[in-house]
Structures are given as C-alpha cells and as structure tokens.
4 protein chains.
Amino acid sequence: MLEKKKKIPSLVKDPKLIEKRRDQIVEAAVELFIHKGFHKTTTREIAKASGFSIGTLYEYIESKEDVLYLVCDAIHAEVENRLREALTFNGNGLRILKMALRSFFRVMDQMNDRVLLIYQETKSLPSGTISYVLRREEEIRGIFEEILRTGIQDGSIHIDEKHVQLMADNILVLGEMWVFRRWALRKHYTLEEYIEKQTALLLREITEK
Amino acid sequence: MLEKKKKIPSLVKDPKLIEKRRDQIVEAAVELFIHKGFHKTTTREIAKASGFSIGTLYEYIESKEDVLYLVCDAIHAEVENRLREALTFNGNGLRILKMALRSFFRVMDQMNDRVLLIYQETKSLPSGTISYVLRREEEIRGIFEEILRTGIQDGSIHIDEKHVQLMADNILVLGEMWVFRRWALRKHYTLEEYIEKQTALLLREITEK
Amino acid sequence: MLEKKKKIPSLVKDPKLIEKRRDQIVEAAVELFIHKGFHKTTTREIAKASGFSIGTLYEYIESKEDVLYLVCDAIHAEVENRLREALTFNGNGLRILKMALRSFFRVMDQMNDRVLLIYQETKSLPSGTISYVLRREEEIRGIFEEILRTGIQDGSIHIDEKHVQLMADNILVLGEMWVFRRWALRKHYTLEEYIEKQTALLLREITEK
Amino acid sequence: MLEKKKKIPSLVKDPKLIEKRRDQIVEAAVELFIHKGFHKTTTREIAKASGFSIGTLYEYIESKEDVLYLVCDAIHAEVENRLREALTFNGNGLRILKMALRSFFRVMDQMNDRVLLIYQETKSLPSGTISYVLRREEEIRGIFEEILRTGIQDGSIHIDEKHVQLMADNILVLGEMWVFRRWALRKHYTLEEYIEKQTALLLREITEK
DNA sequence: AATGAATGAGAGTTCATTCAT
DNA sequence: AATGAATGAACTCTCATTCAT
C-alpha cells in the first residue's frame, strides 16, 4: 500500500517550522491560483503573498509544481474534514445519508473556487503525485460508500451491493456539478432547492420497493 | 443577439484557405493540448505539427490563445454535430430521449480527451471568448430540453416544466461524469453498463406515475 | 566625379512605370515615416499605402532601406526645387539674398516634418547612399554661396571669400533651427518675426562697414 | 511643477546597486547606440556589453526604451555638468558669456556623437519621457539666458529683454550646428576658428551701440 | 534560516523578403 | 507586371531556479 502523502524534501530541519511555512504558502497560493491560474502565477508572487522572499520559498519546496501539489492536497483535506465534521452517526443509514448529502453539497458550494481549481490544474501536478490526489477523492467517496452500506445493513436503504460505487460516484458528481455548472444552475435554483431536488433523485433510486 | 462565433482576423485573404489552414491548426493543436496541456505546448510545436512554419501559423491567428479558442470551438461543434447526426425523431419523446442519451454518452466516451481539455483550459481562453464557448454548451443542453418538452407534450414524459432545465443539466453532467471520472468508473462498469444504469436513474425521475 | 543619384535596380523594365511606381512609394512612405518612424513602419504598410501588394513593392526596390533613400532624396529634391522656384535674380546680390532667405525659411517651415525626418533617419540609410544625400545638401548650400559671391562681386555684400562657406552653413543651420526647435521658438515668434530677426543677424555680418 | 526625472521601476531594492548597474547599462548602451543606432542594437548586446546577463538587465529596466531614456538623460546631464563646471563667474556678463560660449562649443565638440544620438533617437523615447528630455535642454538654454540677463544688468550686454530667448536659442543652435554639420565645417575650420567666428557673430548682435 | 541579485533557456511574436502562380 | 501566401531568423521579454551572503 502506498503512502498517504508524498514527502516533499525541505532544506529546513525543524518540522514544525516546515508545516507553518507550508501553511503560509498554501494559503497564499490558493488565492493566486484561483484568480490567475497556476501557470500565470509566478513563484515571486507566491513568495510575496506568503510573506517571505523567493529564496525562503525554495527552502520549503523544490519546484513550483510542489506548491500545486500542496495546494491540491490541502483543498482535498479541507473538503474531507469539513464533511467529516458535519457527519453525525445518529439514526439509520438513510437518515445519515440525507444529512451527509446536505453537508456535502454545502461544502461544495462554499469551496466552489477551490474545487474548480483542482480540476483545472490536475494536469500540471508533478508527475507521480496525481495518484495521491486521486486517492484523496476516493477517500471522500469511501465515506458515502460506508454510509450506503450502513443503510443496506440496517434495512433503510435498498440497493444492490455492486451499485454502491456508482451510487457514491453519482453523489460526488452531483456535488461537482454544482461547482462546474453553477453559472447555469443558479439562474434557476438556490443551493437549498438544488439539494432538495437532487437528494430526491438519488433517494428514489435507493428507497424504492 | 450575439454572434455565434468570434471572428479571428487573418492576414490571409482567401477564406477557403483560411478554413483549410485553421482546420490543420486545430487538428494538430488538439493532440498537443491533450498530451501536454495548453501552457506547455509551444507555438512552434503547433506550427510544426500543423505542417507549416511559425510565420505561417501567425498568418492565420493573432495569438496562441486564439488557437485555444479555435480548438474549444471545434470540439464543441463536433460534439454537437455527432449528437445531432445520431438523433432520430421517430417515436415519442421518451423513445427519442433514450436514443439521445445513448448517443450522448457514446460521444462523450469517444471524445473523452477532447471534452476534458475544454474543462481544463477554459480559464486560459482569450477574454471575451468564454461566453462563445459557454453558448455552445447551452446549445447542447437545448437539444435535450427540446426532447424533454416533446415528451411532455406527447405524454410520454412526466416532469414539471420548471424542472426541464435541471433535468437537462443532469443529463449533461452525467455525460461529463463519464469523462471526468472514467479512471474510477471503468473499474466497475463498461460504457454500456453505465449508459443503462444512468438512463434508468434518469427515467425513473420522468416516467413515474 | 560621382553620379548624382544612386541607381536602384528594379525587376521592371519600363522606366516610365518605375518612376510612376516609385513616386507612389515615396508619397506613401513619407507620411508613414513621419508619423511612425522608419523602423516602426513595415514594408506591408508601405505597400498598402502605395496602393499595391507587397510583392509589387519589391519589384521596384531591393530592400526597405531603398525606400528610405528614395524618400530622403525626394525630400531634398523638393526643398531644392521649391527654393529655386522662389528665386529671382533681379537686383543686386544683397537683394537676392534677402529674398532667398525668406524663401528658404518658408520652405523649411512648410516642410518641417520632412526635413526632420531626414535628420532622424540618416543613420538608417543604406551604406553608401549617405554621401548621395549629403551631396544634396551641399547643392542647397551652393545656392547661397553663389548668391553671396554675386553680392561680393557687385559690391552689395562685404564678406571675406574664405567665410562664404561658413556664412552659407550658418544660413542652412538657422533654417534647420526653425525645424528642430520650433516647439520652443513658436512660443515667442511667428515665422515672419523669426525670418526678420535672423535675417537682420546675418546681414549685420555681411553689410557692415 | 513636474518632477525632474522619470522614475523607472526596478526589481532590485538596493538603490546604490540600481545606480551602479544603470551606470553600467548607460555606458555600454551609449557606445552601442552611437555605432549601430537604437533599433539595430539588441537587448542582449546591451546586457553583454554591460557585463551581465539579459535577465539581470531586465532587473533594472522595464523595457528597451527605458535604456534609451536613461541614455538620453545621462547625456544631457553630462552636457549640463561639463558646462557648469567650466563656468566662472568672474567679471561682467559679457566676459562670462564669452567663456560660456567657448566651453559650450568645446563640450559639443567632445560629445559630438552623444549629442547627435539624442537628436536621432528622440522619436523612439518611451511616450511621456520626451518632455523630461526636452526639459533638460531648456535647462541648458536657461544657463545662457541667465548670463545674458546678468550682462544686461551690468551694462555689458545690450539686447532687448524680449530677444533673450531667441539669443539663447541661437547659441544652442550654433553649438548643435557644429555637431550636425561637422563633416562639412571641418573641411574649412578648426574648432577654435569656428568658436571665434561664431562668437564674433553673436557678440556683434549684443554689443552694438 | 533568510535574503534577493543573478542567471539564461526558452517563450510568443514580428516582419523583411521570396517565389510560385 | 502583379499578387500574396509562405518563410524563419531574430527580436524583446519572462520567470523558475540558484547561490553567495
């Protein structure tokens, strides 16, 4: 089994400091990448927005691409964290799923720009790190698969085991849809209406007799 | 009402030649952009792959970004054309919709890389052309809205008029899902299985009593 | 003794046509060079403004620099022609000189931009043609030298022969001064005031007891 | 009141270093511009002649045109400095004027190529800096105006106040004449002869009864 | 650990000139 | 004699990365 994270070498020894500085880098780079894109953002800009010099930036990363990896990893982590925070495991699987869906769509809404960023710049990730980023996403899908299986076991959800993954994928995609197509969707729906409608669509699939 | 296309100025006068050369450019650039991404592809590579010199390339475009616009426009046009070709208007709305869904998913499958390209490089489009590209997509959604309305009128589809757009959006997104998440989906489904499953999901929504 | 003009080879045989086309070229190029400068004007622009294609342009010249030579030569010729046209050889040398000065300053005023052009782009002339252009200027100085000598002989002008050339040079320079420094001079003098003042200055030198 | 100089932004922070490097740039560029002209000199040549890389060059300027501005500004400054150094304020206005004229003509002679350069490349100056360069020239004219007024007040120079500016302009032009027409003038005069002759011409104007 | 001046390969773009038609 | 599409050398400028301090 592969590592969860790719280790990026640093010239600095103190791990605490590395983490602190990399947090600064990510925070600065996210904003820059969102507004200008990865390629149009310069390392100088990243350093400046991070609050230190270009030389210092390169004490904590090896290349500009490393910054993109740190950024993508951090965004995925945040999505996952926010989602997990919102989960309650009170009630049966169906009930949990409803809450999880609501939470997930809301997180997608709040993190719109960040999620979009990941999809647009994936190709620029340092070779070898793409798999790390994809694994993050499977992690999130795993959350929903788990919930679905909980529901199957407690009898609140009716779905064939072999369709669990597609179901979970559908959930992720409907969440991403709100991210990708918001310019079109927001003309006709508020977030809450969207949540309600898509939840109904998904539940019809899994609660039928 | 806005124009359908943006006119890109050319130093060459013969419109036939312009079209021919731009076709060459698009064909070459699509492959390059898919494999290397827009930013990592150089204008020299585009020229060489197109079969002429860098000077000639710039007789037909004004900037590298213009190539991206031509590429995105051509891909959308191809999606739309392939979809329209596959449409038969025999039978009622529901029947047409089924066939359209099958065709659409197949086109998405065949044009996987190209569709992915559009989503990843949209941000790099020359300012002002993004709206032209988005309009292309609405065109495709319009096809499905039309089919849905046909079905509503002939009684084969039951859906509230105000949800027609969301329905159409869902269709597009499920198509794009096959593009974006194929690496995960193909582990468990063939294209045909995916089509069947997702069609069933969508139809449950619109054919219910 | 050298030729008066440099022969520029042409692919076209008919001398009449060559002259006609080169007149078109010069007329177009003068305006372009004045407004944009020689280097910032493209051969395409020259061809277009001349009323024919870039290919045709190169039937009548061998290089862009040739156009500059044609332009400079034409401007000098025009200065000389206008000056000669205005000359009357009635009266004594002093009288003729006064009229010649007046005419010269007026020509400089009217041809301001063109004269400025020559001075600014001389360095870009094709190597070997600079001498042709300078000779043109000596021609004009020769006119004044001749007038001065006429005056010396008829006794209306008192000046040592060895200062005739400096005197003629001074005249040319005071004319060019109106060209080069008009932005400053025009704040305080009209052309006529300038002519009067500078003529007085020059005459004091040559009419003194 | 406008600033005396245009501030050119630099990526380097240390002002001392900026000044040092820009001095290197100017020194190198002056020679190149004199021999090849501004347009035929490449930025790489400037960098190389300055003793550093093209990247370093662009740490101290924003564009090639900036180099031209720095060059023109430096030349004007040098003219002014050399002239001021040579001025002694012993004696009456007339005496001072004579010395100033001698100094000015000598400076023009020594800086021949440089002064020529300014006149030939003015058109290529970055838009907005021309006024800065012109102001430099007025500064020099101001020196002569001041001397003339000193002479008027102490009674050694007789000239109407309203002709002070034209007089000063004439002085500048006679200086520039030695620059522009030296190829012709040097056939007949040494610098010292020229100074003597032109001084006599000017003084006749202002010392007459 | 932090700085920032220096580097130079490489990018997009221009344009004088050619030559087949 | 006229056309204009094609060429490619050469230009200005950028920016990720290094390294002496």
Side-chain angles (χ1 to χ4, degrees), chain A residues 10-14 17-18 21 39-48 51-67, chain B residues 10-14 17-18 21 39-48 51-67, chain C residues 10-14 17-18 21 39-48 51-67, chain D residues 10-14 17-18 21 39-48 51-67:
Chain A
S10 169
L11 296 174
V12 176
K13 307 291 173 196
D14 181 358
L17 189 54
I18 293 177
R21 290 278 180 263
H39 279 102
K40 287 189 181 160
T41 301
T42 68
T43 51
R44 271 178 152 105
E45 287 172 317
I46 297 169
K48 192 176 181 187
F52 34 72
S53 70
I54 182 71
T56 302
L57 179 67
Y58 274 87
E59 300 266 307
Y60 297 94
I61 55 160
E62 287 194 311
S63 74
K64 189 186 171 190
E65 289 179 341
D66 284 346
V67 178
Chain B
S10 169
L11 294 176
V12 174
K13 295 176 179 179
D14 181 359
L17 190 56
I18 293 176
R21 291 278 180 263
H39 280 101
K40 288 189 181 159
T41 302
T42 69
T43 51
R44 280 181 165 78
E45 286 172 318
I46 297 170
K48 194 174 181 187
F52 33 71
S53 71
I54 183 68
T56 301
L57 178 66
Y58 275 88
E59 297 263 303
Y60 296 94
I61 55 159
E62 288 194 311
S63 74
K64 189 187 171 189
E65 288 182 342
D66 284 346
V67 178
Chain C
S10 169
L11 295 174
V12 177
K13 307 291 172 197
D14 181 359
L17 188 54
I18 293 177
R21 291 279 181 262
H39 280 100
K40 287 188 181 159
T41 301
T42 67
T43 51
R44 271 177 152 105
E45 287 172 317
I46 296 170
K48 192 175 181 189
F52 34 72
S53 72
I54 183 69
T56 301
L57 178 68
Y58 274 86
E59 301 266 307
Y60 297 95
I61 56 160
E62 288 194 310
S63 75
K64 188 186 171 189
E65 289 180 341
D66 284 347
V67 178
Chain D
S10 169
L11 295 175
V12 174
K13 295 176 179 180
D14 181 358
L17 190 55
I18 293 176
R21 292 277 180 264
H39 281 102
K40 287 189 181 159
T41 302
T42 69
T43 51
R44 276 185 162 78
E45 285 173 318
I46 297 170
K48 194 175 181 187
F52 33 70
S53 70
I54 183 68
T56 302
L57 177 66
Y58 275 89
E59 297 263 303
Y60 296 94
I61 55 160
E62 288 194 311
S63 73
K64 188 186 171 189
E65 288 181 341
D66 284 347
V67 178

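Nothing here was measured: the structure is a model prediction, and the numbers come from that model. Note: hydrogens, waters and symmetry copies are ignored here, and every other heavy atom, side chains too, is used.
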Which distance, rounded to the nearest 0.5 Å, do you find between the [atom1] of [X] and the [atom2] of [Y]?
X	Y	atom1	atom2	result
D:K48	D:R44	NZ	CZ	11.5 Å
A:H39	A:T41	NE2	OG1	10.0 Å
D:K13	D:L11	NZ	CG	10.5 Å
B:I18	B:I61	CD1	CD1	13.0 Å

For DNA chain F, which residues of residues 56-67 of chain B approach it to below 4.0 angstrom with any heavy atom?
B:T56, B:E59, B:Y60

In whole angstroms, how far is the [atom2] atom of [N] from the [atom1] atom of [X]?
X	N	atom1	atom2	answer
D:F52	F:dC13	CZ	P	15 Å
C:K40	F:dC11	NZ	C1'	14 Å
B:L17	E:dT21	CG	C1'	13 Å
B:D14	F:dA6	CG	P	9 Å
B:I18	F:dA5	CD1	C1'	11 Å
A:H39	E:dA11	NE2	P	12 Å
A:L11	F:dT17	CG	P	13 Å
D:R21	E:dT7	CZ	C1'	13 Å

Could you pick out which residue, D:V12 or B:I54, lies toward the 5' side of DNA chain E when each is mapped onto its nearest nucleotide?
D:V12

Please confirm whether the shortest side-chain N or O distance from B:T43 to OP1 or OP2 of E:dG12 is below 4.0 Å.
yes

Any side-chain N or O of B:R44 less than 4.0 Å from the OP1 or OP2 oxygen of E:dT13?
no

Enumerate, atom names and distances included, each donor-acceptor pair closer than 3.5 Å involving a side-chain atom of residues 53-60 of chain C, sequence neighbours excluded.
from: C:S53; atom 1: OG; to: C:G55; atom 2: N; distance (Å): 3.4
from: C:S53; atom 1: OG; to: C:T56; atom 2: N; distance (Å): 3.2
from: C:S53; atom 1: OG; to: C:T56; atom 2: OG1; distance (Å): 3.1

When you match C:K13 and D:T42 each to their closest nucleotide on DNA chain F, which lands nearer the 5' end?
C:K13

Which nucleotides of DNA chain E pair, in dot-bracket form (Watson-Crick or G-U under 3.5 Å, | meaning another strand):
.||||||||||||||||||||

Which is true for A:S10 with a 4.0 Å heavy-atom rule: it touches a base, it touches only sugar-phosphate, or it touches nothing?
nothing

A:E45 and A:K40: which non-hydrogen atoms are nearest, and at how many Å?
OE1-O, 3.8 Å

